[in-house]
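Note that the structure is predicted; figures quoted are calculated from it, not measured. Reminder, nothing fancy here: chain letters follow the sequence lines and each chain counts from 1.
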2 protein chains.
Amino acid sequence: MTKKQKDKTTEEQILIAAKKVFVRDGMTGARMQDIADEAGINKALLHYYFKNKEKLFEVIFMEAANRLFPKINEIFTAELPLFEKIERFCDEYITLVMENPYLPLFVLNEIHRDPNYFLGKVWKGKSTPKPEKFLAQIEAEKATGTIKDIHPLHLLMNMLSMTIFPFVAKPMLQKNMGMNEQQFRMVMEQRKTEIPRFIIDSIKA
Amino acid sequence: MTKKQKDKTTEEQILIAAKKVFVRDGMTGARMQDIADEAGINKALLHYYFKNKEKLFEVIFMEAANRLFPKINEIFTAELPLFEKIERFCDEYITLVMENPYLPLFVLNEIHRDPNYFLGKVWKGKSTPKPEKFLAQIEAEKATGTIKDIHPLHLLMNMLSMTIFPFVAKPMLQKNMGMNEQQFRMVMEQRKTEIPRFIIDSIKA
DNA sequence: CGTCATTTTAACCAAATGGTTAACAAAAGT
DNA sequence: ACTTTTGTTAACCATTTGGTTAAAATGACG
């Protein structure tokens, strides 16, 4: 290609395949051959486009992490009333993750596998979350008497838990409670409003 | 040994080592050599006590699953007022998982890796959860007017999420929010009472 | 066309890994 | 004591796996 043709087809194919396999099997479980097969190409071609497994993984992981974390960080920095912040976060985050329901488990998993890699690659400079502002906002609302005396950190953890956990536990919910794809989507759709309602009911003075 | 001596030292050593390695690296990531090293024995001895990796894994996984699930099921079947049920569950479950903080991620992970294995081995006969009773109890409380009109399934999911998720996200919380082991323990200790308070504040009429 | 860079492939390689074998040590049973 | 069973080890094997090589297509461009 002279400069940059429109058809990155092969590289794109690889990235799509790699994402699928990595998210499904994790860094250790993923096999280069599987990715090659999934992309419909030769295994050597993988190393032609991406030097090695680690490099390829990094691209996929970074893309996943950079999709999940900035949205969380938004609620820390946004200039919005607390309740509205909570409502928008739950709605937007569930919408976001709905497109890739297995991303959270994948990311959590890899952080668990190598916390320092995560710290160095993802957290370095880029969108470093500053919870302080959000926590301070909660303290402020407590002072003005709009919400009860709840510990800010727990409120934050509660919101994140209720929003993210169902995705992490998705296979269990499906196998255990006999939830099919359709039902899962419906329940998560409900949770966009159920979680904020649940939280606000709990903390409003 | 004549019948069953008191020193199952070797087998116990293996199980301790296997648990450590499997929970840390998962089924695919775990290496038999690592387990052998961790147990301070020869690799062949592993296969002497446990036929193969899968068999050894099964023992570890089943033990983990059978530690985590029955407690959840308890809240479905227990004969207790709703609020008390919630309080006791959060307290007991956090206490339980605190002893093995990485078990939830491990189990969730393996269910994700092979949902049918989980369904067949763990869910088969043994302690099959019946959420119906718990959900019915919530409906009943709604009818008597002690709690608001919340969807039972969401209440259940909320409680499980807030209780379990922090353990799944533990490495992230530690690396991100700069939480050390001591702080994590303290926060989880608080959550034993914070979560029930949060829930009850939200749903009590 | 012919040349040069880019893309793609088949064959290959070294290391890692799950698992086996056969021999050896230590008890247990007699 | 000696025979048998149980526990343990070093060496080995077959397969898998990430990665390389060299050659063949493919295409850009004069």
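For B:E12 and D:dG7, the CD to P distance is 14 Å, given to the nearest whole Å. Taking atom CG of residue A:N42 and atom C1' of nucleotide D:dT20, one finds them 12 Å apart after rounding to whole Å. At whole-Å resolution of the value, CD in A:E11 and P in C:dT8 are 11 Å apart. If you measure from atom CE of B:M32 to atom P of C:dG19, you get 6 Å, rounded to the nearest angstrom. Atom CG of A:L45 and atom P of D:dT20 are 14 Å apart (whole Å). A straight line from CG of B:L46 to C1' of D:dG7 spans 14 Å, rounded to a whole angstrom. We find that NE2 of A:H47 is positioned 14 Å from C1' of C:dC12, with the value rounded to whole Å. Going from atom CG of A:D37 over to atom P of C:dA10 covers 12 Å, rounded to whole Å.
Contact annotation: B:Y48 does not reach the phosphate of D:dT8 (side-chain N/O to OP1 or OP2, under 4.0 Å). Contact annotation: A:R31 does not reach the phosphate of D:dT16 (side-chain N/O to OP1 or OP2, under 4.0 Å). Close to C:dT8, at under 4.0 Å from its OP1 or OP2, lies a side-chain N or O of A:T10.
Nucleic acid contact for B:A36: none, since no nucleic acid atom lies under 4.0 Å from a heavy atom of the residue. Using a 4.0 Å heavy-atom cutoff across all strands shown, B:Y49 reaches sugar-phosphate atoms only and no base atom. Residue B:N52 is in sugar-phosphate contact alone, with no base atom involved, counting any heavy-atom pair closer than 4.0 Å across all strands shown.
A distance below 6.0 Å separates the ring centres of B:H112 and A:Y102. The aromatic ring centres of B:F22 and B:F57 sit less than 6.0 Å apart.
Ionic pairing of A:K133 and A:E79 is present here: one or more N-O contacts between side-chain nitrogen and carboxylate oxygen are shorter than 4.0 angstrom. Ion pairing between a basic and an acidic side chain is recognised when a charged N comes within 4.0 Å of a carboxylate O; B:R197 and B:E194 show such pairing.
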As a quick check of understanding, evaluate side chain to side chain contact (heavy atoms under 4.5 Å, CB included) for A:V107 and A:F69, giving each step before the final call. CA-CA 10 Å; A:V107 170; A:F69 287 114; 4.0 Å; yes

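In the interface, the side chain of A:K43 is paired with the base of D:dG18 through a donor and an acceptor atom under 3.5 Å apart.
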